[in-house]
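Okay, structure first, notes after.
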Amino acid sequence: MKILGIESSCDETSASVVEDGKKLLSNVVSSSMNLHAIYGGVIPEIAARSHIEVIIPVIDEALKIAECTWDDIDGIAVTYGAGLGGSLLVGVMTARTLAIIKNKPLYKSNHVLGHVYANFITESSIEGYSPIDKSPDFPFLAVIVSGGHSQLVLFKDHFDYQLLGKTQDDAIGEAFDKVAKILGLGYPGGPAIAIKAGEGDPTKYKLPIANMERYDFSFSGIKTAVLRLAQNEIGESYNFPSTKLSERLNESQKANIAASFQYTAVKTIVDKVKKAVIEFNVNNIVIAGGVGANQELRKQLKEAFNFEINYPDIKVCTDNGGMIATLGCYQAKYKKGIAIPEELDIEPNLVI
Ligand code: KG4
Ligand code: ZN
């Protein structure tokens, strides 16, 4: 079975063909990130316009690389939420149209669930891609850490899962992006913070971990704490504008703030993961989302557990069609999320 996956929930337009829920035949990603970088964050209208320009060529390329014609495709899976309304609309309308004219079943895919399913890609025919050796065994704990989401989800089986907790305000990736903005490190902030943190001392400043109910998180406090710390470091009051801080901080201050922030933000997640592993007695953890690329996260998890944690190739950690095509294969197999092409609508606030 071959499924075409289409992803356009944020600033990446992506399409992929996956075979039997495990083999990545293609994964084409076109990002409009460079168009947003000067604004320090994704501008929804620019993202939507860019999706319109590239979505058809991206799909054509994905079919070509996978050496597929439309006759080889058994279904189309498309992200219908969560995400930016205008961006989601482009992918969903394209998928609806293709499902009708090519007469293919259509599956509506949850973006966050898609991130988890990147862990099921164990084979690839694409050069330069390293798949994980083995798909995760159930039950597993999914640690979903991206620019839009921070969630802990317990998976008992395919489509049988329980949300244990989530962020009550900012996602961890968003906190990385905002702190990077304060430090003038550019966008996207996650990789920039990670590099700068490598030059700094993570124990230099003590930053707060919000005390949240059970498995919930909060990242808005640490972001404000970084702002106050930076103002303090240059001897200014809390009225000093955040946009002018980076000019006044020296490189060593920036590195130490980045390292201390990264250490604490990651610890916030890892502390709850430790708690969940004990309470639910799981010995399988799956990492999903862009922040999964973070080496400090990987280091702290390695120190916390004596079992092996597999990480998907970074190319399927950040937003991509491959994760959606993989999820789509399982949706087709288990008959989940079958959509009527004439009726499928977007759900920007879709939850897992
Ligand atoms: O999963 P993703 O591509 O998009 C969403 O669905 O949100 O995640 C993007 C997020 C951004 O906030 C980016 O700064 C963060 O992942 N990120 C990282 C790293 N690489 C990407 N955060 C920390 N360390 C990294 N190495
Ligand atoms: Zn994502």
Side-chain angles (χ1 to χ4, degrees), residues 5-14 16 27 29-33 36-37 40-42 44 47 78-84 87-88 91 109-119 142-151 153 166-167 170-183 185-198 200 202 219 222-223 258-259 261-270 286-301 311-324 326-327 348-352:
I6 300 174
E7 155 64 37
S8 71
S9 65
C10 191
D11 57 342
E12 265 98 24
T13 320
S14 181
S16 154
N27 196 20
V29 183
S30 166
S31 177
S32 60
M33 191 165 327
H36 307 284
V42 175
V78 63
T79 304
Y80 75 112
L84 300 170
S87 290
L88 288 167
S109 304
N110 181 318
H111 177 81
V112 176
L113 201 51
H115 273 301
V116 176
Y117 273 76
N119 286 276
V143 181
I144 303 164
V145 281
S146 76
H149 310 273
S150 305
Q151 300 177 349
V153 184
K166 62 179 174 31
T167 181
D170 293 349
I172 183 169
E174 213 174 333
F176 269 86
D177 293 336
K178 286 177 177 168
V179 168
K181 212 166 174 178
I182 293 172
L183 301 180
L185 300 178
Y187 174 84
I193 292 268
I195 292 168
K196 198 76 195 162
F219 288 99
I222 190 172
K223 182 193 67 192
F261 161 76
Q262 175 177 261
Y263 171 80
T264 310
V266 165
K267 188 170 187 299
T268 308
I269 299 280
V270 175
V286 154
I287 311 294
V291 185
N294 187 271
Q295 294 301 327
E296 176 65 22
L297 176 68
R298 297 182 179 204
K299 178 171 161 255
Q300 288 192 27
L301 287 171
Y311 294 93
D313 190 305
I314 175 68
K315 296 184 203 68
V316 292
C317 276
T318 50
D319 291 351
N320 70 96
M323 66 188 200
I324 301 302
T326 308
L327 170 59
N349 299 317
L350 184 67
V351 289
I352 197 159

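Sequential numbering from 1 along the given sequence is applied to the chain's residues. All values derive from a computational prediction rather than experimental measurement. One-based numbering, in listed order, for ligands and for the atoms of each.
With hydrogens and angles ignored, the 3.5 Å screen pairs a side-chain donor or acceptor of H115 with a backbone N or O of C317. D11 places no side-chain N or O within 3.5 Å of a backbone atom of S31 that could act as its donor or acceptor partner. The closest donor-acceptor contact from the side chain of N27 to the backbone of G322 lies under 3.5 Å. Between the side chain of D319 and the main chain of S8, no donor-acceptor pair closer than 3.5 Å is present. The closest donor-acceptor contact from the side chain of S14 to the backbone of N320 lies at 3.5 Å or more, if one exists at all. In terms of modelled atom types and a separation under 3.5 Å, the side chain of S150 and the main chain of I172 share a donor-acceptor contact. Remark: the backbone N or O of V351 is paired with a side-chain donor or acceptor of N110 at under 3.5 angstrom. Put simply, the side chain of S9 never gets that close to the backbone of L88: no donor and acceptor are under 3.5 Å apart.
Ranking the protein heavy atoms by distance from atom 13 (C) of ligand 1 puts D177 OD1, 3.9 Å first. Scanning the protein heavy atoms around atom 9 (C) of ligand 1, the nearest turns out to be G147 N, 3.7 Å. Of the protein's heavy atoms, V291 CG2, 3.9 Å lies nearest to atom 15 (C) of ligand 1.
Once rounded to the nearest 0.5 Å, the distance linking CD1 of I269 with CD of E296 reads 13.0 Å. A distance of 5.0 Å separates CD1 of I193 from CG of L183, quoted to the nearest 0.5 Å. Atom CD of E7 sits about 10.0 Å away from atom OG1 of T318, to the nearest 0.5 Å.
Residue-environment remark: OH (Y263) stays at or below the threshold of 12 foreign heavy atoms within 6.0 Å.
In terms of polar-atom proximity, defined here as any N/O pair under 3.5 Å, G148 does make such a contact with ligand 1. Between F176 and ligand 1, no N or O atom pair is found at a separation short of 3.5 Å. Remark: ligand 1 and D319 share an N or O pair separated by less than 3.5 Å (distance only, no angle test). On a distance-only criterion, G290 and ligand 1 share at least one N/O pair closer than 3.5 Å. Distances between N or O atoms of E12 and those of ligand 1 include no value under 3.5 Å. The N/O atoms of G190, backbone and side chain alike, include one that comes under 3.5 Å of an N/O atom in ligand 1.
Contact annotation: P191 has at least one heavy atom less than 4.0 Å from an atom of ligand 1. Under the 4.0 angstrom criterion for non-hydrogen atoms, H111 is in contact with ligand 1.
Counting the atoms of ligand 1 from 1 in the order shown, those under 4.0 Å from a heavy atom of T318 are 3 (O). Taking a cut-off of under 4.0 Å to the non-hydrogen atoms of G173, the atoms of ligand 1 that pass are 12 (O). The distance from ligand 1 to the heavy atoms of H115 drops below 4.0 Å at these ligand atoms: 1 (O), 6 (O).
With 2.8 Å as the limit, H111 counts as an N, O or S neighbour of the Zn ion (ligand 2). Put simply, H149 stays out of reach of the Zn ion (ligand 2), with no N, O or S atom under 2.8 Å from it.
Under 4.0 angstrom from ligand 1, there are no non-hydrogen atoms of Q295. When non-hydrogen atoms are compared, ligand 1 lies under 4.0 Å from the backbone of N294 as well as from its side chain.
The Zn ion (ligand 2) lies at the vertex of an angle of 100° between the OD1 atom of D319 and the NE2 atom of H115 (rounded to 10°).
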